[in-house]
> 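One structure, as structure tokens, below. Some questions next.
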Amino acid sequence: MVNERYYPLLATLAVCALLYGYGMFEYRAFSDTYVLGNLLTDNAFLIITAIGMTFVILSGGIDLSVGSMIAFVGVLMAELVTGFGMHPLLAVLISLVFGGLFGAFMGFIIAKFDIQPFIITLAGMFFLRGMCFLINLDSVPITHDFVSAFAGFRIPLPGRGWLSASAMVMLASVLIGLVIAHYTRFGRNVYAIGGDRQSAQLLGIPVERTLIQVYTLSGVFSALAGVVFAFYTASAYPLAAVGVELDAIAAVVIGGTLLTGGMGFVAGTFFGGIIMGVIQTLIAFDGSLNSWWTKIVIGGLLFGFIVLQRLITRSFSGMRAGAS
Amino acid sequence: MADRAQTVLSARGVGKFFPGVKALQDVDFSLNSGEIHALLGENGAGKSTLIKVITGVHPRDAGTVTLDGREIHPGHPGEAQQLGISTVFQEVNLVPTLSVAENLMLERQTRKFGLISWKKTAEDARQALKTLGLDIDINRALGSYSVAIQQLVAIARAVALDARVLILDEPTASLDADEIRTLFGIMRALKAKGLGIVFVTHFLDQVYEVTDRITVLRNGRLVGTFETAQLPQIDLINHMLGRELAEISSHRHHASDTPKDRGNRIQIKNLGKKRVLKPVSLELSGGEIVGLAGLLGSGRTELAELVFGAHRADSGLVFLDDKPVLLRSPRQAIRAGFGLCPEDRKQDGIVPELGVRENIALALQGRRGWLRPIPRADQDKFADDMIAALGIATPDREKPVGQLSGGNQQKVILARWLVSKPVFLILDEPTRGIDVGAHADIIKLIRDLCDEGLALLVASSELEEIVAFADRVAVLRDRELATELSGAEITQNNIIEAIAR
Amino acid sequence: EMIIGFSQIGSESGWRTSETASIKAEAEKRGIDLKFSDAQQKQENQIKAVRSFIAQGVDGILLAPVVETGWDQVLKEAKDAGIPVVLVDRGVAADKSLYLTKVASDFVQEGALAASWLAAKTNGVCDLVELQGTVGSSAANDRKAGFQSIVDNFPNMKILRSQSGDFTRSGGKEVMESFLKAENGGKNICAVYAHNDDMALGAVQAIKEAGLEPGKDILIVSIDGVPDIFKAMADGDTNASIELNPHLGAPAFDAIKASMDGKDVPKWIKANGPLYLPDTAAEEYKKRSGS
Amino acid sequence: MTTLQDTKKSSGNGGSAGNGGKDGRAISLSSRQWLGPVIALVLVIIVNGIISPAFFNVKVVDGHLYGSLVDIVHRGASTALVAVGMAIVIGTRGIDLSVGSVIAISGAVMAVLIRDTSLSPAIIILAALGAGILCGLWNGILVAFLDIQPIIATLILMVAGRGIAQMITDGQIVTFHGAFFEAIGSGYLVGVPWRVIIAAIVIAGLWAVMRKTALGLFVEAVGGNARASRLAGIDARGIKVLAYVISGFCSAVAGIIIAADIRGADANNAGLWLELDAILAVVVGGASLMGGRFYLGLTVIGVLIIQALGTGILLSGLPSQYTLIVKAAVVMIVLLVQAPKARQMMGNFWRRRNRNGQ
Ligand SMILES: Nc1ncnc2c1ncn2[C@@H]1O[C@H](COP(=O)(O)OP(=O)(O)OP(=O)(O)O)[C@@H](O)[C@H]1O
Ligand SMILES: Nc1ncnc2c1ncn2[C@@H]1O[C@H](COP(=O)(O)OP(=O)(O)OP(=O)(O)O)[C@@H](O)[C@H]1O
Ligand SMILES: [Mg+2]
Ligand SMILES: [Mg+2]
């Protein structure tokens, strides 16, 4: 029998399958791999962000700066590539380093001064968005052969669909996230800190250092998401990705991670992100919802899934109890 | 042995100040290799603080600490661990959301190519538990086990670390006789291997059983270090308290001859819950103290929680003076005049951010409802009375309870129930971590309450305590009521026999 | 029956809601099955929507792009699938071959028109304040740039202060209040240029509460042509508004129809609205609020 | 001089019975909690005055107070209402992201009722408040009874609520007229804006309910340790629900004020992102997001800091694109100055310097 700690993950999987199944049942075109490929591509940056966010949430914190980071990295890349004529790969490197440093800075303040992550990263969110405006007020294209090659790269799937470069970066990130979470001491320490920070400290875990690393990691992942987003649209826009932090948090939570920290799964986050994407796709396929009903339905579905997940988790436990 | 001994760990002139409190002042302490060294003192004397200063949890404000002759400055417990100081802190300080295995192996998982090898790690974890003779599912979340099991896991973890110095801060507080025996066996073995062990406890017979030397602290100052063999218990107590202990009347309390007159008759009838507790029936009346004995996991805590409505029972009822009491929530139990002083003070007891006064007022206020606030003057009076009566060491009554020493937190929770004047009070391990002086005060206080007509149910792993004041003893075994003892039957031997049968 | 997908930005303003309603009504009139998707102000959602339309094999797509850049890839996909895309109310910075046509007005031109009107009205002598739209949005950027380009030609026209009121009424009111305080109780201010009508309406209230008379002591010109601004103009509270035409459905559907019939379609179907003045305002208000 | 350390005479630490507690006047950190926020507010206001000398001018125009200082209080009224509700929710270790949407909903209900019915203003106000209370009830049930984590539970209403508000108004700004409602938005009573009076009454009322009954204690107990509170006989779930209901009510009052201010319900934008400012205010006021303590008065000061900052930026004439950076920087500084850890570090630093100096 599966360990009960995996029930939330199973519940997420079940919900995801249910939703996808509904789509295939309702719309013929939904079973096409084109839709699957799009899901992986269109939600790549969200899922990458959410993986970094998973670590932050597992540690008991939160990172609201990720959306602004995505926008800022885009603007920065545009400036470097189009403005300075730098090769995109070098710009990517600079962006990732910047993301890491900025995350580390926030982590430093959070860990050393014991200030709430919600507020520090909120300030970080304001700051990065403000920096976007300083560099550039307009939306600008990022023109470079490498960028178009990245955007155009695709591995065909059976059917009409394909796997894009963004999707592959995302899948690789999920793998890396899985390994970090489950096969490194750092990963386990993050779980421990989220479970009980004081105890973790007393057990000899370097809490401050680990927290700084967590925000660094989130910074790098959100910067990577920014890179993917910039390549995906081959452009930069200072108002891009507004509110993505909330989507990422929702993806993490739908994926079965507890916001209080200490329990959760990177794999769950992947499916959580996919669920968010499927909701969007279903609404677009349906095409009959007006603006306000769209919002109401998204909220309602969010509610429905969380309740459903609860029920599934509970019935798993019930099954186990019955068996033993 | 003592003459060949060599100092491993020493602290000189250590000072530590918290806002409003001088927790440690000019304390010297030295630990030899191959000795078990008791660190004793009243609640709030500064024992845990000394340990935390040595292991780098708190930065020290004065003094030096040396290990093997070299001065050390651990910035956090992890560094102390790396230096070879392994510690079990007071309270269970493990991570409840992680599995048992992970708790045991945190920061020391076996790695292959930089990645954790879970198979090997699980093996090591099992090995670590085996030394304590603990056979539990290491993949379950630690939080699903009782406090005692968690305590054992914490000890197993500390012992498994390859250390020069082992520090145990009240490790025996929630253990029963068997586990304590196992623990002592391990301590002796480690001592033979040349480790220095610091051992904090409030059980003086344990001190005399295993320790070689004793260091006593009082009010954050050093009283002295003594050879255990040369220090009579009465002197030890005087050193700790700085006064003579009021004599603890050792003869048992007797309920008045006609308990039924007093009212407050509690009848528990067939109270049970599937997979948790087989139906239990028990009766007690005002003025009576019933002890609840049993092994770890025998169901004492569960019974207490069912009676208090903390969990809902599947079957059975509780009657107060022949009227059934609705027990769907603790609130209803409290309205009926019940009280429960829980076993796990960190999770179920204290509200750490609130002050002593507020924590003490909480249950009484909960019973009165929000519309009838207890006037501030009354709250202050309750708090001051309790601080005096139980000897709660706190600079002022507004100090956040989370910052008190463990024993003093326990006193605050006890005070919470005492001021709420219940008719039926359940105490689950009430004197855990409470010092000898206060122990006597508390027992006296409880007796006074019983004389006023309180019915009391006390679950305790300390058989002496049960023997000392219970009129009757209910013994639980395997989540079932095994026997009841009363009157002259109540002796430690009889209880042990009933438990172990 | 024709199936057309419409990817709308969102519903952040009354103007946009009117646009959506107008396009839906037009589709209904023509018996078109309109698949509507609201992107909640997010480009990524719009890309998702367009891809969903492609997956479903619609006959045409209307796209009201939230930003100008970043559409090349998805437009290419639509083109490969043989689905014509019509941009409504805003343009994109992509190769013109990737879309069928653009049905939109020109934000820069709107700004320029507002400035020209003001210059004419004040004979080129005016110290004014500007209420910007959301920082970074193309409407704000272009309306600012267009206005500035005209003001630059008049040495005696000066923008004293320019702050963002986020395109909202309360934003416009709050920013205007602080402008009034910073500029000597409003005595230094000759006119307000607001990037949309809602901010202008907020400014009107702020001016009134400061004890001045909007439309007289301080001239007000704004853009969008929402019903309420006509009422304000009729009451003499504001002086001019440039309409942003929300009725883009008909020309857009016409274009798709034409291209299906193999006819040529111009790359930019201009839908610029006129500048309205108080003299016709009462009548216009009746027309708009009646319907 | 920092006097963080030990201010009592060295009479030991009350280790023996009866010694502790009598001398309850030892200065604890909490009694100086107000210092940081108040200093921050004064500093921001002084800087504003330096930037724009007209800042301190308060005069009487048309029989009411007029000036930037008045504006800060005036503009801050609605945020303060929301923040105070938020503070109570945060006290229970929760958070309410839906306040902006609740503002939109209550404003929409009010505007549509004014436009389409001839109900008396009192009933219309009650309906708007009722809508807010219902929203709070929904949040509370999700958090307390369905055990959904507060951020997510209220995120649901944050998303859906704006949709509901738009549905009520049909996505248009519903404008209305009426002396009563215009007075709420921009009327004055003996020179003081009505909205400030309303906010003050609501906040004072809440303060009284929280601090003059045991409710505040219960809220803090539940936020500090919900399990322990339940075992102490407190209806932890009920308290949580109540906190969200209060937050919903406060947001509804704010929604009424905001709609009355612009004489219209802007369902699309009313209260947008206000939750962030409200949370910021609570934290700048010294509360922890981990629950267990809340300070209504300091929360109001937090609001004034943020509002003064915004007004200062507008007055300074700094281009709009710098606004966010300045805000981020100031918030950061205020938080750092306030953080106990940072103060402690500075204290240590000073003591070390003094010691070396001697
Ligand atoms: N984090 C803290 N902040 C403020 N005061 C503290 C803190 N930790 C401990 N103290 C104070 O220091 C004193 C010593 O506490 P300590 O925990 O060392 O006592 P102890 O000897 O371990 O008592 P016990 O037997 O009850 O565990 C107490 O008065 C306590 O209130
Ligand atoms: N030996 C054990 N093996 C496995 N689980 C145990 C064991 N002992 C206790 N537990 C778990 O711990 C929980 C607590 O048990 P319970 O509280 O009834 O014990 P108790 O009799 O009160 O003893 P104590 O309070 O000393 O732990 C039980 O639900 C049980 O699942
Ligand atoms: Mg201790
Ligand atoms: Mg127990």
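Numbered from 1 within each chain, the chains take letters A, B, ... in sequence-line order.
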> Can you tell which part of Ile374(B) gets under 4.5 Å to a heavy atom of chain D, answering side chain, backbone, both or neither?
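Neither part.
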> When rounded to the nearest 0.5 angstrom, what is the spacing between OG in Ser229(D) and CG in Leu354(B)?
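The OG atom of Ser229(D) sits 8.0 Å away from the CG atom of Leu354(B).
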> Relative to chain D, which segment of Lys346(B) carries a heavy atom at a distance below 4.5 Å: side chain, backbone, both, or neither?
backbone
> Keeping the roles fixed (side chain from Arg368(B), backbone from Ala214(D)), state whether a donor-acceptor pair exists under 3.5 Å.
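No, the answer is negative, given that no donor and acceptor are paired below the 3.5 Å cut-off.
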> Between Ala228(D) and Val351(B), what is the shortest heavy-atom contact and its length?
CB-CG2, 4.4 Å
> Let me confirm one number: the CZ-CG distance from Arg357(B) to Leu217(D), rounded to the nearest 0.5 Å.
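Answer rounded to 0.5 Å: 8.0 Å.
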> Answer yes or no: is there a side-chain heavy-atom contact under 4.5 Å between Ile234(D) and Trp370(B)?
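Contact flag for Ile234(D)/Trp370(B) side chains = no.
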> I need the residue from Leu340(B), Asp348(B), Ile334(B) with the largest number of non-hydrogen atom pairs under 4.5 Å to chain D.
Asp348(B)
> Calculate, to the nearest 0.5 Å, the distance between atoms NZ and CG belonging to Lys212(D) and Leu371(B) respectively.
15.0 Å
> Working to the nearest 0.5 Å, report the span between CG of Asn225(D) and CD of Glu353(B).
8.5 Å
> Salt bridge between Arg293(D) and Glu358(B), side-chain N to carboxylate O under 4.0 Å?
yes
> Could you state the interatomic distance from CD (Gln347(B)) to CG (Leu231(D)), rounded to the nearest 0.5 Å?
11.0 Å
